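One structure below.
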Protein chains: 4
Amino acid sequence: MLILMNVNATDEQMQEVCKRIEELGYKPHPMPGATRCAIGITGNKGPVEADALDQLPGVAELIPVSKPYKLVSRDMKPENTVVSFAGSDATVGGAELALMAGPCSVESRDQLFRAAETVANSGARFLRGGAFKPRTSPYAFQGMCEQGLQLLAAAREAFGLLVVTEAVDYESLALVDQYADMIQIGARNMQNFALLKLAGRASKPVLLKRGIAATLDELLMAAEYIMSEGNYNVVLCERGIRTFADHTRNTLDVGIVPSVKRLTHLPIIIDPSHAAGKRDSVAPLARAGVAVGADGLIVEVHCDPDRALSDGAQSLYPLQFAAMVSELRGIAGIVGRTMHKSQRQLAPARSVVQS
Amino acid sequence: MLILMNVNATDEQMQEVCKRIEELGYKPHPMPGATRCAIGITGNKGPVEADALDQLPGVAELIPVSKPYKLVSRDMKPENTVVSFAGSDATVGGAELALMAGPCSVESRDQLFRAAETVANSGARFLRGGAFKPRTSPYAFQGMCEQGLQLLAAAREAFGLLVVTEAVDYESLALVDQYADMIQIGARNMQNFALLKLAGRASKPVLLKRGIAATLDELLMAAEYIMSEGNYNVVLCERGIRTFADHTRNTLDVGIVPSVKRLTHLPIIIDPSHAAGKRDSVAPLARAGVAVGADGLIVEVHCDPDRALSDGAQSLYPLQFAAMVSELRGIAGIVGRTMHKSQRQLAPARSVVQS
Amino acid sequence: MLILMNVNATDEQMQEVCKRIEELGYKPHPMPGATRCAIGITGNKGPVEADALDQLPGVAELIPVSKPYKLVSRDMKPENTVVSFAGSDATVGGAELALMAGPCSVESRDQLFRAAETVANSGARFLRGGAFKPRTSPYAFQGMCEQGLQLLAAAREAFGLLVVTEAVDYESLALVDQYADMIQIGARNMQNFALLKLAGRASKPVLLKRGIAATLDELLMAAEYIMSEGNYNVVLCERGIRTFADHTRNTLDVGIVPSVKRLTHLPIIIDPSHAAGKRDSVAPLARAGVAVGADGLIVEVHCDPDRALSDGAQSLYPLQFAAMVSELRGIAGIVGRTMHKSQRQLAPARSVVQS
Amino acid sequence: MLILMNVNATDEQMQEVCKRIEELGYKPHPMPGATRCAIGITGNKGPVEADALDQLPGVAELIPVSKPYKLVSRDMKPENTVVSFAGSDATVGGAELALMAGPCSVESRDQLFRAAETVANSGARFLRGGAFKPRTSPYAFQGMCEQGLQLLAAAREAFGLLVVTEAVDYESLALVDQYADMIQIGARNMQNFALLKLAGRASKPVLLKRGIAATLDELLMAAEYIMSEGNYNVVLCERGIRTFADHTRNTLDVGIVPSVKRLTHLPIIIDPSHAAGKRDSVAPLARAGVAVGADGLIVEVHCDPDRALSDGAQSLYPLQFAAMVSELRGIAGIVGRTMHKSQRQLAPARSVVQS
């Protein structure tokens, strides 16, 4: 059930409606819009008692929601969600494309800082880098854990980047929420509902990656889990699905972007690196992602990919990344988006890379 | 690296080798076999120092393992693993097929006890029933939690069944480990590595369901996660994979059974209910599962499936279950397996079902 | 539109109805059943004029058909179709399981005759063997063509087997129709509608293999193409679908069998060889196929598989085939089917194999 | 085996080498390159006798080819193939993007001409439109056949467009080769090898669509079938693959484009219409296709899509098509491609559309 308030409904009226919803034993989700406010109702098993609500002052309309998701739905909130970050003018879902880049894993201060400098110089606003790595093998490198988060936080200060990094369980989520600017939920955990609920109670925006075999509905329901706990800052991420095709590591499903835009107000970004699985397909897939209408990209960049502890084969060299961003700027303009331009000098960056 | 001990190596020699492995900074996994003992080594990043080990008394051979998994491998342990349970002569992986049955979710004492009685009377040794339900929607019934576990434990006492039920996070795993006889890790959590590690430290055997898009290697690596923490009692479960085919809810991949038997010593059972997604395909798929060589079945049975809170459409009626088990007995005999025969009178069971 | 005739309707009445359907510009498909006759109507773009038909003598009922297929539907013909063959008491779809076996390709008289003798001795009624091979590479062995058909016909005479072999185009279909007892349409041609129509005008029954990515509806529509041209003797074949799973060549979708039985009266058999892609998974998949309720099997057998020109790795040795058939007999009995027992002495057969 | 000729080898030397290859019983495929000529050898079962060839005048090098395809390989011909058409300066595979558009099916002169005019005005060089339709149902509209081809040929004259249309069997292929400028082989026939061989003997270039479950290797082998018969003008087409994802009709696999460019010299275009299956995803997918580096697009456009006899839901309205082309021009420029600009007045075109 969704309650649409009148255009000129007051805050007091809205709070009154929320209070009434709680008295009925449900959970209200007020979502302010550009022209008027909507209130989602969750927690009901059967139909909500309409009589108790539609006569309250300020209520314009009661809309039954037949889709399995509510809070993520465009019916609930017609305007795009623009996720913002404390202490930064970067956003995800606004006019400016969100560019996230960095190494697969945080391996050392030197490795991270070199990558951070190079991606900042090319215009990235977000630094990616895994401190907790969900690896298929228990014997593979599992990440630097809290030490990795500390290095990410230090790189944020040094290069003015926002930090996005993955959490895999209760402990790591609490730490990521503390150190980072955005909490990544990986593809393997997209239906780890316990983790989704924790992310829904965290203070930072969440980057939710699509599972390799998740339908669009399942992706939206996973976002609904997070939102139903009160965290409305969710960004979706397409990173390739598992199919029979063997020429890339996964099949990048660019067609999900227009479908997502139709059904939900949440932003969606593209991860061309995990889809490609090899370096020379990353830039073409990134271009496709911007052209299809995604709100941003998350890309693996490493200054010495041949020695990377994970995903080296799909990490771009710094100069490849810079060249790719330059192409993306052109395409962004065609589809009505802007891209951030670094204020930083390029010369020192190059010197760092060569050192 | 795998160490094969001599046929007549003593326990002291084996302990000496394990001690030496620990001194090198690795983790030893002694696995006794029918004729001789093997010791797996994990925790090494590069090659293990062979010189330090192959001259120790009792050591027959050092075998480098090139596959990404070690402890699950048949190279490590050629004999089938037979999982046993305290206070019961039921096993999984032995000559007797393991028959697990019960409702999708524990809904009430009456519902659970009626289902438990009916499956016990038909020859099931294990009672299944979810107390913690990983549901796609945050608004769907999430299970009775600890209260559900208490009902399962009570049904165990009443009907002499072993209890298998799902854990989804830290808290539920600790509870399931306490109340149940076998900890189920669901398909959505097959690569929730944090949960796998917890299961690896639990005291009860683990039933590990294949993810809907997991390759055989990924399934075996998930089992390796559990075993690498010290819990060697892992049972695999095929429950259907996600494909384009839309005539069943998932596509039951019976072909994984002979492939599993080739690569690993761990048992594998079949879940025909989640694969079928509809009642009248369950029995045919169960027959196929026994015929292909699986070590058991886990089947949803409900005395009033039309009122089930979850998965009603795929739950068998009691009489359907009994008829199915009767066919399975015949097929089991053809493929060299036995099935448990209930000591219980059928007449009272039927009266319960009809009441 | 489907017309059900009265139980005691006369042949003249049925012919009168067919004549009237033709006058309306449509095509009648009379299908005699056990108790009464049904007449399918095809060729209509919109709804059929019911008034013109439902008052004719002998007409019991007019049933609008909403499914995209008509002639294949169980609504049209509730009884199972049992395909029979001139000059033989073998059938497909009756109580006796249809066992088809032989080499992938016909390579020589000696190779074919040795295989034919061995499969006949084990109880096969049908000899398979490709004379026209649809190969992925234009440079691979493409079959012995008409010469291969002549050898198949000779083997039929020598061993009392029925011959099933693939046609790939206009010319080969005419030849197969002339030499063989059953025309195979391969998985790659399941939606080669031109070929399906030709098969629909042929005189022999058709074995229609499911495409590697065909849904059940598409498979049934392909059968409908054949039947709509007048050939009602169609046997479906599940041979594995393409999925992400890499432990078998294709994923055998045994779950299609009960779904097929629900929707259509046509028989369905299982091809475990192409699904498995490797010898030691063939027998387990064949057992699963019989247990799930298939009407038969088509299996690759070769007396010297390591020298086969195609599919050697998945061809059974003669003794493996004999052992498998022995297991299948047991399972067939459990699911209410019989299997043919060869009258031939086993001793000479073995001598042939060993020579 | 591949023979590289010297840069300054003469035509006579090349012919001498071809003659020698034929004497050995193989088939030579001379392929002139920008700087020097290569000659492919096919028809050999085992290794080619190198001694007989590498001493011939003009021969620079003999290169053994290990991949299953030869003629399609970039090893064979490093420069991109640019397909050209008699009587037109349009190409596929050159700097200019190939834009193919028109209705799914030819339905009438009026319908075709209105669509042709509108797509020509927007800059399309090729008119698409099916005269022979491979339809899933035998009862669906199967196309206007030769009459449809005559209308396509008339539209070519009227609007200066090249015609591309599908052939489905022996008869239709002969007709398409006669009337059209490019022969389309549909996805369902990608492994109809008999048809591929016929296309290989046709006089017109071939547009080969990827099967819904075809791997890249299988697509290249299908092209090899055509080329091995002597027709080297093959254009590949990605039109979406079948996956579990249900938000589009098929999953457009844009990642195949860079992989194709790596392995083969053949051009590849994108069909966003069949991938999307619904109108409002077509333009985003088309933009992604150009951005990822495809050599062109084939798009369904219909002036009255709601009354189309097939694929109406995915056909663009004329104004949508014009708007889409305008965006594509921008993206084409970014990735180093040009697009044809119509000389035709837009005003009359609009009047036709509105009439």
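Being a predicted model, the structure only gives us computed values, none of them experimental. In what follows, every chain begins at residue 1, and chains take the letters A, B, ... in the order their sequences are listed. Just so it is clear, the values below take in all heavy atoms, side chains as well, and ignore hydrogens, waters and symmetry mates.
There is no side-chain donor-acceptor pair under 3.5 Å between D:His302 and D:Asp311. Judged by distance alone, the side chains of D:Arg135 and D:Gln142 never bring a donor and an acceptor atom under 3.5 Å apart.
Considering only heavy-atom pairs separated by less than 4.5 Å from chain C, the leading option among D:Lys197, D:Arg242, D:Glu218 is D:Arg242. Among the candidates C:Ser137, C:Gly211, C:Ala194, the residue making the largest number of heavy-atom pairs closer than 4.5 Å to chain D is C:Ser137.
Salt bridge C:Lys70/C:Glu224: absent, no basic N to carboxylate O contact under 4.0 Å. A salt bridge links D:Arg210 with D:Asp253: at least one charged nitrogen is closer than 4.0 Å to a carboxylate oxygen.
Heavy atoms of C:Tyr225 lying under 4.5 Å from chain D belong to its backbone as well as its side chain. Interface remark: C:Ala223 contributes no atoms to any contact with chain D (heavy atom separation under 4.5 Å). Proximity to chain D (any heavy atom under 4.5 Å) is shown, for C:Asn192, by both the backbone and the side chain.
Side-chain contact between D:Ile298 and D:Cys237: present, with at least one pair of heavy atoms (C-beta onward) separated by less than 4.5 Å.
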